[in-house]
Protein chains: 2
Amino acid sequence: MSKTIVLIAKNIKRLREVKKLSQKEICAGSGVPQGQYSRIENGKVEPSVSTLEKLAKVFEVSIAEFFKSSDVNDLLNLPLLEKIKMIDKLGKEEKQALFKMIDIAIVNKRMKDNLQNLIDQ
Amino acid sequence: MSKTIVLIAKNIKRLREVKKLSQKEICAGSGVPQGQYSRIENGKVEPSVSTLEKLAKVFEVSIAEFFKSSDVNDLLNLPLLEKIKMIDKLGKEEKQALFKMIDIAIVNKRMKDNLQNLIDQ
DNA sequence: AATGTATATGCATTTTAATATATATTTGCA
DNA sequence: TGCAAATATATATTAAAATGCATATACATT
């Protein structure tokens with residue numbers, strides 16, 4: 001039982017529960033047969049990308065959402081962790097200043113990426 | 001040719017180029033045969049989750065990375081929930097400006113609707 | 001307990017990715 | 001240009017998901 005399949009399974013089940021929908025409804029909206037959907041929610045199969053695509057549509061999320069982990073242990077392996085820990089030790093003002101800079105960086109990066117894409121097309 | 005496959009293909013190719021590695025090297029590190037890897041980079045196949053898992057490992061990223069788009073059109077088409085999440089990441093000023101614009105839009109719409117009602121009567 | 005609804009499982013068939021292998025094609029460079 | 005490495009493609013085989021369908025099991029409501 002792969003870690004990733006379990007992760008996908010949990011995320012999909014959680015999303016369905018958040019929306020308070022039955023499997024039947026998800027299946028009607030996505031075209032995925034109920035039997036197969038059940039197997040996916042229970043991590044019995046490795047759903048294909050096209051299946052995930054259909055499900056992402058009814059859940060109104062990006063497929064990336066299915067792969068996001070909220071498990072601390074997974075985050076522990078990220079190289080970023082050390083940095084985050086250090087940020088956490090900073091004072092209130094330093095932290096706020098840092099976060100603002102991060103935000104600006106993100107926005108700028110996204111704008112740059114988008115511009116680049118437009119140029120490339 | 002599904003949009004998602006192309007997205008995955010582009011992301012994987014980009015990641016490899018960033019790392020300046022050959023397909024051969026990626027394949028040695030991941031266990032994915034070179035032929036198959038080539039097909040993936042060219043959007044000829046829909047890679048399975050377990051294949052993506054292997055690749056994510058050598059690229060040192062989360063699988064979610066493969067599904068992220070920096071295309072403006074895709075950002076515009078993101079499901080509402082995703083958009084809200086992105087808004088949430090914006091800086092204070094950007095957020096306030098955005099909310100003001102949304103308010104104005106709503107007010108305008110309401111005025112238009114009311115006018116229409118008066119006309120219809 | 002009985003009934004209806006939701007979810008899980010079983011099974012045969014179809015479809016498609018993964019693989020191994022070989023080979024063709026492109027690309028970079030001396 | 002010509003060679004070598006990198007990348008793309010071809011084919012046959014294997015493995016696993018998708019599907020349709022049937023049915024079993026769990027869950028709730030009266």
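In the text below, chain A, chain B and the rest are named by the order of the sequence lines, each starting its count at 1.
At a threshold of 4.5 Å between non-hydrogen side-chain atoms, the residues Q23(B) and R16(B) count as touching. Annotation: side chain of I12(B) is in contact with side chain of F59(B) (closest heavy-atom distance under 4.5 Å). For the pair F67(B) and V49(A), the minimum side-chain heavy-atom distance is below 4.5 Å.
At a non-hydrogen distance threshold of 4.0 Å, S22(B), Q23(B) from residues 19-30 of chain B come into contact with DNA chain D.
Separating the CG atom of L55(A) from the C1' atom of dA17(D) is a distance of 14 Å, rounded to the nearest angstrom. Look at CD on E17(B): it is 13 Å from P on dT27(C), rounded to the nearest Å. For R39(B) and dT7(D), the CZ to C1' distance is 12 Å, given to the nearest whole Å. dA6(C) atom P lies 17 Å from atom CG of N42(A), rounded to whole Å. Between I40(A) atom CD1 and dA16(D) atom C1' the separation is 13 Å, expressed in whole Å. Distance CD1 (I12(B)) to P (dT7(D)): 14 Å, rounded to an integer number of Å.
For the pair R16(B) and dT7(D), the criterion of a side-chain N or O lying under 4.0 Å from OP1 or OP2 is met. Regarding contacts with the backbone of dA10(D), every side-chain N or O of K44(B) stays at 4.0 angstrom or more from both OP1 and OP2.
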Quick one, T51(B) with Y37(B), criterion side-chain contact (heavy atoms from CB on, under 4.5 Å). Give me CA distance, side-chain angles, the key distance, then yes/no. CA-CA 9 Å; T51(B) 299; Y37(B) 181 81; over 6 Å; no
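With 3.5 Å as the limit, one finds no donor-acceptor pair spanning the side chains of S62(A) and E65(A). Of the N and O atoms on the side chains of S22(B) and E25(B), at least one donor lies less than 3.5 Å from an acceptor on the other residue.
At a threshold of 4.0 angstrom between heavy atoms, the contacts of Q34(A) include nucleobase atoms, whether or not backbone atoms are also involved. Residue S38(B) is classed as a base contact, given a heavy-atom separation below 4.0 Å to a base.
Listed candidates were dT7(D), dT19(C), dT19(D). Nearest to the side chain of P33(B) is dT19(C).
Residues that satisfy the salt bridge (Lys or Arg N to Asp or Glu O under 4.0 Å) test with E46(B), not counting sequence neighbours, are absent from this structure.
Residues S48(A) and G35(B) each lie close to DNA chain D; by heavy-atom proximity, the contact nearer the 5' end of the strand is made by G35(B). When each of V32(B) and Y37(A) is assigned the nucleotide of DNA chain C with its nearest heavy atom, Y37(A) is the one assigned upstream, toward the 5' end.
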